[in-house]
Number of protein chains: 4
Amino acid sequence: MTKRQQIIDTTIQLVAEMGLYATSMGLIVKESNVAAGTIYHYFKNKEDLIKTVYSELREEMGKAFIQNIDNALPYKEKFFLIWKNLFYYFKDNPQKFQFIEHYASSPLEKNEVKEINQRHYQPAINFIQKGIEKGYLRTLPESFIIQLIFAHVSVVVRMILFDETDISVTTLQLLIQSCWDSVRIN
Amino acid sequence: MTKRQQIIDTTIQLVAEMGLYATSMGLIVKESNVAAGTIYHYFKNKEDLIKTVYSELREEMGKAFIQNIDNALPYKEKFFLIWKNLFYYFKDNPQKFQFIEHYASSPLEKNEVKEINQRHYQPAINFIQKGIEKGYLRTLPESFIIQLIFAHVSVVVRMILFDETDISVTTLQLLIQSCWDSVRIN
Amino acid sequence: MTKRQQIIDTTIQLVAEMGLYATSMGLIVKESNVAAGTIYHYFKNKEDLIKTVYSELREEMGKAFIQNIDNALPYKEKFFLIWKNLFYYFKDNPQKFQFIEHYASSPLEKNEVKEINQRHYQPAINFIQKGIEKGYLRTLPESFIIQLIFAHVSVVVRMILFDETDISVTTLQLLIQSCWDSVRIN
Amino acid sequence: MTKRQQIIDTTIQLVAEMGLYATSMGLIVKESNVAAGTIYHYFKNKEDLIKTVYSELREEMGKAFIQNIDNALPYKEKFFLIWKNLFYYFKDNPQKFQFIEHYASSPLEKNEVKEINQRHYQPAINFIQKGIEKGYLRTLPESFIIQLIFAHVSVVVRMILFDETDISVTTLQLLIQSCWDSVRIN
DNA sequence: GATGAATGAGACTTCATTCAT
DNA sequence: TATGAATGAAGTCTCATTCAT
């Protein structure tokens with residue numbers, strides 16, 4: 001594994017466990033078996049490191065949730081599949097989920113990166129847009145609907161992760177239905 | 001106003017604007033017109049200050065959202081009123097909303113305060129419990145339903161606050177309906 | 001007990017246990033049931049408090065070690081009695097002993113108090129002086145001999161206090177003999 | 001000279017002059033021409049710095065006082081030589097002597113370092129042990145005898161250092177004799 | 001006499017970052 | 001590329017002391 005990747009992996013892990021601010025560069029140095037200077041060889045500074053990691057995760061996530069979606073399927077089924085994709089991506093990568101949550105709620109989020117990462121959203125935006133146009137979804141701002149879905153999934157993931165319980169396929173189906181009911185046309 | 005209150009008010013304002021970590025004790029000192037030592041007269045340390053502020057806000061919030069609820073009203077109407085109470089409490093106190101969001105996503109949240117503040121939830125838990133029993137709401141864990149509603153309101157509030165737009169009463173009604181649809185029995 | 005005495009007692013106890021610097025005024029306040037301002041009513045500042053306590057202890061100690069000395073006794077016997085007086089004063093008042101040790105090794109000792117407290121030494125100086133004149137003791141500076149005796153007793157007391165053992169009368173006699181042998185004429 | 005050594009030297013000098021507590025890290029920074037962070041690169045914290053310095057001095061002292069002792073010499077002569085070694089080590093390194101005195105009387109001393117540094121005592125313990133076995137010294141606990149000798153030397157050194165007088169070789173011989181008389185078999 | 005809220009200088013320490021090797 | 005010693009600004013907190021009540 002390259003030094004750069006070691007740094008990124010350690011950063012994800014530490015931020016997930018301790019949060020953005022408790023994750024000092026010194027700690028990353030210690031845990032990643034890399035010298036302080038090396039980090040600054042690959043990243044301009046701490047903010048750049050964090051933002052880069054976030055960017056990469058967003059891209060990965062963006063790919064994950066549209067994966068294996070057959071366009072021929074009915075809209076509702078695609079919705080359910082997408083929800084599941086997102087859910088399992090988070091469930092199977094709890095540290096990445098937590099990193100993203102930490103980042104999203106940090107003051108860093110306020111900056112320009114928002115737009116930069118927007119493009120990873122594009123397929124999602126398109127999907128929602130089409131849902132509204134075709135009369136499957138309520139007439140609400142797309143970004144709002146996306147936030148709603150994202151928030152919904154996050155609540156479910158958080159519940160599972162922190163309660164350390166698992167969830168049956170049936171229950172999961174109920175939960176997705178709940179999300180679907182909040183955005184679909186009655 | 002007492003020194004203690006000055007400190008608390010300044011803390012809410014600064015944390016709302018800059019986040020938990022960018023809000024240094026030095027900044028609080030400067031903005032609150034209080035000596036450094038005075039803060040430590042009222043609070044054990046920064047963590048204690050933050051947690052105390054959070055606790056007080058949670059209590060206030062707990063009171064706000066069950067306010068003016070006539071028990072004689074139909075369940076659904078009560079649900080809508082509670083949603084609105086919560087919504088307007090956040091909308092009218094944006095700094096308190098942001099403080100709570102910052103706190104909730106911080107590593108501090110992980111600690112014991114969670115339980116301590118649980119009692120402010122009690123009316124909410126009871127309300128949800130009754131809704132499930134009477135067959136108005138889906139059979140899901142109460143705490144999960146509460147999280148879902150909370151997340152839903154938060155998304156709406158965030159949208160309004162950050163987009164700096166306002167929202168018509170009609171739209172609001174639609175949004176509450178969306179939340180209701182995600183938890184009500186079909 | 002007067003507030004003043006409460007302060008002094010608490011100070012002795014805390015300094016004995018924790019040392020001069022770990023004994024903060026705040027700690028004295030907490031442990032002595034006295035308000036911060038009250039301490040400053042009786043003492044000019046921390047240094048004054050410590051020095052006053054020390055002065056009082058020195059006076060007490062000065063009285064203790066010449067107590068019950070019959071001038072008619074042989075010189076050597078008087079020496080043994082004085083040694084014992086000093087020893088038992090320390091053994092029976094371990095906190096006072098420790099306070100004195102902490103003070104004596106502190107930078108405060110360097111100041112003027114040394115002379116002020118000199119007068120409590122006077123009987124000791126006289127006793128040593130007479131011993132030299134009469135040919136019982138070696139011709140060395142009196143203050144040096146006093147330091148030697150004081151150091152000797154302190155070593156014994158420290159040993160007993162920290163090892164938490166006690167000591168037989170016979171052993172004690174041997175120890176005094178050791179001290180006596182270091183200053184008597186051969 | 002390395003940064004680490006600069007820090008240690010400055011620490012010895014400042015503690016000797018001002019005591020353990022008046023020697024702030026800030027002062028060490030100023031006097032040693034080193035950045036604050038650099039101290040924490042070499043030492044975990046102030047306590048660690050002080051303890052490390054003390055440890056090194058104890059080792060140096062341990063080497064100093066058994067230096068040039070010819071085992072073939074008579075016991076008493078070896079005793080005199082050892083006393084002199086210790087005496088001159090302190091007299092020639094007054095700041096180290098004062099550092100050790102400050103440390104020894106501080107609350108830090110109470111901790112584990114005591115044992116760690118015990119091994120530097122080993123030659124001394126052996127020497128005393130042999131003295132008792134061979135009938136040269138009184139039957140008293142070795143550690144007690146060591147404390148006695150140490151206290152004796154310290155009184156002499158303190159006298160010379162603080163009175164700023166020097167001492168003739170004859171007088172010195174008298175003083176060692178006094179120490180010897182306090183521990184030798186009559 | 002007694003109280004304790006309020007002060008602010010200064011103590012210790014952390015941490016992102018640089019730079020010579 | 002990679003290292004890690006060195007930096008110093010800034011953060012948190014303590015503590016002796018004051019003063020209005």
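Within every chain, numbering begins at 1; the chains are lettered A, B, ... in the order of the sequence lines, protein sequences first and strands thereafter.
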Novice: Among F:dG8, E:dG4, F:dG4, which is the nearest nucleotide to the side chain of A:Ala35?
Specialist: F:dG4
Novice: How long is the line joining OH of A:Tyr42 and P of E:dT17, in whole Å?
Specialist: 18 Å
Novice: How would you label the contact of C:Gly26 with the nucleic acid (heavy atoms, under 4.0 Å): base, sugar-phosphate, or nothing?
Specialist: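 Sugar-phosphate, no base atom in range.
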Novice: Using heavy atoms to find the nearest nucleotide of DNA chain F for C:Ala36 and B:Asn45 separately, return the residue whose nucleotide is more 5′.
Specialist: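 Looking at the nearest nucleotide for each, B:Asn45 comes out on the 5' side.
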Novice: Look at the rings of C:Phe90 and C:Phe97 and say which category their plane angle falls in: under 30° parallel, 30 to 60° tilted, over 60° perpendicular.
Specialist: tilted
Novice: Pick the nucleotide of DNA chain E nearest each of C:Val34 and B:Ile39; which residue has the one closer to the 5' end?
Specialist: C:Val34
Novice: Could you check whether any side-chain N or O of A:Asn93 sits under 3.5 Å from a backbone N or O of A:Lys96, counting only pairs where one atom can act as donor and the other as acceptor?
Specialist: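 No, the answer is negative, given that no donor and acceptor are paired below the 3.5 Å cut-off.
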Novice: Using Watson-Crick or G-U wobble geometry with both distances below 3.5 Å, tell me the partner of F:dG8, or none.
Specialist: E:dC15
Novice: Would you say C:Gln13 and C:Asp9 are linked by a side-chain donor-acceptor pair, where the criterion is simply a distance under 3.5 Å?
Specialist: no
Novice: Using the side-chain contact (heavy atoms from CB on, under 4.5 Å) definition, which of the options D:Asp48, D:Leu49, D:Ile50 pairs with D:Thr52?
Specialist: D:Asp48
Novice: Using purine N1 to pyrimidine N3 plus N6-O4 or O6-N4 for Watson-Crick, or N1-O2 and O6-N3 for G-U wobble, both under 3.5 Å, which nucleotide pairs with E:dT21?
Specialist: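 When the pairing criteria are applied, F:dA2 turns out to be the nucleotide that pairs with E:dT21.
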Novice: Please report the distance, rounded to the nearest Å, between CZ in D:Phe43 and P in F:dA5.
Specialist: 13 Å
Novice: Starting at OG1 of B:Thr10, measure out to CD1 of B:Ile39 and round the result to the nearest 0.5 Å.
Specialist: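 If we round to the nearest 0.5 Å, B:Thr10:OG1 and B:Ile39:CD1 are 8.5 Å apart.
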Novice: Looking at F:dT7, I'd like to know if its phosphate oxygens (OP1 or OP2) sit under 4.0 Å from a side-chain N or O belonging to D:Thr38.
Specialist: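 Looking at the OP1 and OP2 atoms of F:dT7, one of them is under 4.0 Å from a side-chain N or O of D:Thr38.
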Novice: In whole Å, what is the span from the CE atom of B:Met25 to the P atom of F:dA9?
Specialist: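 It works out to 23 Å between those atoms.
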Novice: Quickly work out the A:His41 NE2 to E:dT17 P distance and round it to whole Å.
Specialist: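 Computing the A:His41:NE2 to E:dT17:P distance gives 17 Å.
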Novice: Can you tell me how far C1' of F:dT3 sits from CZ of A:Arg4, to the nearest Å?
Specialist: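 Value for this atom pair: 20 Å.
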Novice: Think B:Tyr40 has a side-chain N or O under 4.0 angstrom from the OP1 or OP2 of F:dT14?
Specialist: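 No.
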Novice: From CD1 of C:Ile7 over to P of E:dG1, roughly how many Å is that when rounded to an integer?
Specialist: 11 Å
Novice: Answer yes or no: does a side-chain N or O of A:Lys3 lie under 4.0 Å from OP1 or OP2 of F:dT3?
Specialist: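 Indeed, a polar side-chain atom of A:Lys3 lies that close.
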Novice: Could you give the NZ-to-P distance, from B:Lys46 to E:dC12, as a whole number of Å?
Specialist: 22 Å
Novice: Rounded to the nearest Å, what distance is computed from the CD atom of residue C:Gln5 to the C1' atom of nucleotide E:dG1?
Specialist: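 Taking atom C1' of E:dG1 as the reference, CD of C:Gln5 is at 17 Å.
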